[in-house]
Amino acid sequence: MLKVENLVVRYGMIEAIKGISFEVNDGEIVTLIGANGAGKTTTMHAISGLIKPVSGSIWLNDTELTKIPGHKIVSMGLAQVPEGRRVFAQQTVEENLTLGAYARKDKEKIKADMDYVYDLFPRLKERHAQLAGTLSGGEQQMLAMGRALMADPNIILLDEPSMGLSPLLVSEIFAIIEEINNKGKTVLLVEQNAKRALAIADHAYVLETGRITLEGTGEQLASDERVQKAYLGG
Amino acid sequence: MAFLSYLINGLSLGSVYAIIALGYTMVYGIAKMLNFAHGDIMMVGAYVAFFALNSFGLPVIPSVLLAMLACTVLGVVIERLAYRPLRQAPSLAVLITAIGVSYFLQNGAQLLWSSSTKVFPSVVPAGSVQLFGGQLSISYLTIVTILICIAVMICLTLFINRTRTGKAMRACAEDKGAAVLMGINVDRIISITFAIGSGIAAIAAVLLCSTYPSLSPTLGSMPGIKAFTAAVFGGIGSIPGAFLGGLLLGVIEILSKAYISTQLSDAIVFAVLIIVLLIKPTGLLGRKISEKV
């Protein structure tokens with residue numbers, strides 16, 4: 001279980017996250033929705049240790065993530081697909097996937113996971129020797145997801161996976177998120193595409209300028225009038 | 001035939017620049033900083049090799065290895081003490097610190113070893129290969145210098161492209177945040193980068209001092225600046241760029257000394273740099289920095 005408690009994050013003088021708490025139970029899909037600048041990505045960065053919070057704590061089962069260096073977090077079983085994909089453009093698809101397993105030592109299982117990723121994203125297999133920078137946006141998103149899966153995480157954080165993709169590709173990506181979840185991986189999903197995110201979420205939180213203003217099941221929030229007005233164009 | 005001889009001498013000098021430039025460019029590529037103390041680290045390597053050869057009478061290979069070890073340790077310690085605390089600081093602060101470290105090393109060397117010039121013994125036996133019935137003579141040192149540069153370049157390229165650590169270095173060069181998400185310890189990778197860059201600088205030091213045997217605490221500054229120029233020339237951050245930039249710089253320097261003017265050769269070298277940067281601001285092999293949308 002991932003548990004965030006009273007998290008406060010500051011960039012210089014600006015308080016981006018003003019004391020938020022939420023939980024992600026094992027096996028669930030939990031989503032954080034909110035507008036640009038609400039603090040979604042900051043929250044993701046804090047969980048993965050890319051930024052140190054001012055106060056509050058982040059627990060992954062019995063480990064306090066805020067107490068360990070960022071590069072050790074992935075081997076605790078938590079991987080992130082960052083906003084904007086951030087694949088290593090100058091390296092090949094296969095090298096990117098290998099880097100995803102950087103923290104692992106179990107060679108044979110890595111090989112099996114590589115096959116699994118290629119099954120999940122056949123297009124990556126076709127392009128395994130191509131430089132990641134030459135892939136299309138959708139393919140880069142798939143690569144970023146595959147790369148995170150290569151860490152064999154228990155929980156996977158996805159930051160705006162649908163950003164800049166065509167509706168067809170968005171459907172494809174969301175179907176894969178559900179499939180990953182069905183395979184037993186916990187998912188924390190950050191999205192601006194609230195409609196899609198709420199449709200697959202077990203639990204959801206609305207983040208507004210650094211605070212959580214609403215929470216409930218995906219269904220509850222999808223039918224909530226305030227959410228509809230602000231995020232679902234209703 | 002004279003031209004060929006100048007060309008080969010230029011390649012030899014360029015090889016030394018290239019090895020130093022590799023250190024500059026690797027550190028820039030990964031830590032995104034200009035380590036202006038790099039030439040002075042090389043100078044310390046030259047002194048260590050000198051004492052190993054002269055005072056302790058060690059054979060050449062162990063002396064060079066000792067110098068490499070000393071430079072590696074020095075590079076890592078400097079990074080740890082002077083640069084790492086500034087990881088989040090503006091780049092100007094880091095740059096000024098690097099200049100400070102450079103002066104620290106120069107003055108430290110003066111204090112320890114005095115400013116009087118010492119004569120460095122050549123590590124390569126004197127003599128030369130005669131070609132074209134004696135019309136072209138190439139010294140063993142020249143040949144060894146060029147071969148070592150090529151060997152260093154090949155080893156480094158294999159290391160960066162084939163090994164796990166090398167791939168992690170490339171990942172850090174592209175995106176440190178994403179590298180952390182992969183579980184890469186960025187601080188450790190930066191340390192390794194300084195270690196390698198500084199270690200190979202010791203090789204350059206020995207080769208340079210075998211060619212120009214006067215050893216003094218400021219011996220690192222001019223080759224340091226030239227190597228920096230070579231790195232920018234080739235495209236800073238690019239390893240083949242540093243190699244190419246170094247070789248070209250050496251050739252241009254020797255040819256302008258031979259055909260134009262000894263006094264003006266440095267000016268010509270830097271003029272070429274300015275022209276290249278005006279035409280191609282990223283250097284010969286540098287990549288365009290694409291802004292994230």
Side-chain angles (χ1 to χ4, degrees), chain A residues 11-12 41 44-45 47-52 68-92 94-105 107 110 131-133 137 140 143-144 147-153 156-159 163-164, chain B residues 25-26 28-32 80 84-85 87-90 93 157-193 235-241 282-283 285-293:
Chain A
Y11 292 109
T41 296
M44 297 296 241
H45 281 186
I47 296 172
S48 280
L50 295 182
I51 181 163
K52 285 280 156 228
I68 61 173
H71 65 90
K72 290 203 172 140
I73 288 175
V74 68
S75 40
M76 302 275 138
L78 182 146
Q80 180 176 162
V81 181
E83 183 185 16
R85 301 130 175 95
R86 292 171 77 169
V87 295
F88 299 109
Q90 312 293 344
Q91 306 209 32
T92 65
E94 192 135 330
E95 282 173 326
N96 269 273
L97 292 177
T98 309
L99 278 167
Y102 183 83
R104 295 170 64 185
K105 302 252 162 3
K107 272 202 175 123
I110 292 174
L131 289 185
Q140 290 194 9
L143 179 56
R147 188 179 64 176
L149 286 171
M150 287 303 292
D152 191 23
I156 184 161
L157 276 54
L158 294 135
D159 195 346
M163 192 167 67
Chain B
T25 219
M26 280 174 75
Y28 181 83
I30 286 151
K32 298 286 178 280
R80 186 73 191 78
R84 191 177 296 182
R87 204 53 57 75
Q88 307 301 329
T157 307
L158 287 178
F159 176 77
I160 300 266
N161 289 323
R162 299 284 169 83
T163 66
R164 190 176 116 96
T165 307
K167 286 178 181 174
M169 285 170 83
R170 282 160 63 207
C172 287
E174 274 200 57
D175 186 335
K176 286 196 195 60
V180 171
L181 292 180
M182 303 300 107
I184 295 168
N185 183 346
V186 175
D187 279 336
R188 202 179 131 254
I189 295 295
I190 292 177
S191 265
I192 293 173
T193 308
I236 189 130
S238 154
I239 286 177
T282 52
L285 300 182
R287 258 187 273 272
K288 257 215 188 88
I289 300 152
S290 55
E291 288 293 325
K292 240 203 295 197
V293 189

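All heavy atoms count here, side chains included; hydrogens, waters and symmetry mates do not. Chain letters run A, B, ... following the sequence lines, proteins first and then strands; every chain starts at 1.
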Enclosure of R164(B) CZ (heavy-atom neighbours >12, cutoff 6.0 Å): yes
Atom NZ of K72(A) with >12 non-hydrogen neighbours under 6.0 angstrom: no
Distance-minimising heavy-atom pair for M182(B) and G100(A): SD-CA, 3.7 Å
For A171(B) against F88(A), the heavy-atom pair lying closest together: O-CE2, 3.4 Å
Distance (rounded to the nearest 0.5 Å) between D175(B) CG and R85(A) CZ: 14.0 Å
Non-neighbouring partners of A168(B) that pass side-chain contact (heavy atoms from CB on, under 4.5 Å), sequence neighbours left out: Y102(A), I184(B), I189(B)
For the student: nearest non-hydrogen atoms of E95(A) and N161(B), plus distance: OE2-O, 4.3 Å
Exam field: side chain E174(B) to backbone Q90(A), donor-acceptor pair closer than 3.5 Å: yes
All side-chain contact (heavy atoms from CB on, under 4.5 Å) counterparts of A79(A), not counting sequence neighbours: V74(A), A148(A), A151(A), P153(A)
Taking every non-hydrogen atom, the tightest pair across G177(B) and L50(A): O-CD2, 3.5 Å
Interface moiety of A144(A) toward chain B, non-hydrogen atoms closer than 4.5 Å: neither
Side chain proximity check, H71(A) to R188(B), heavy atoms < 4.5 angstrom: no
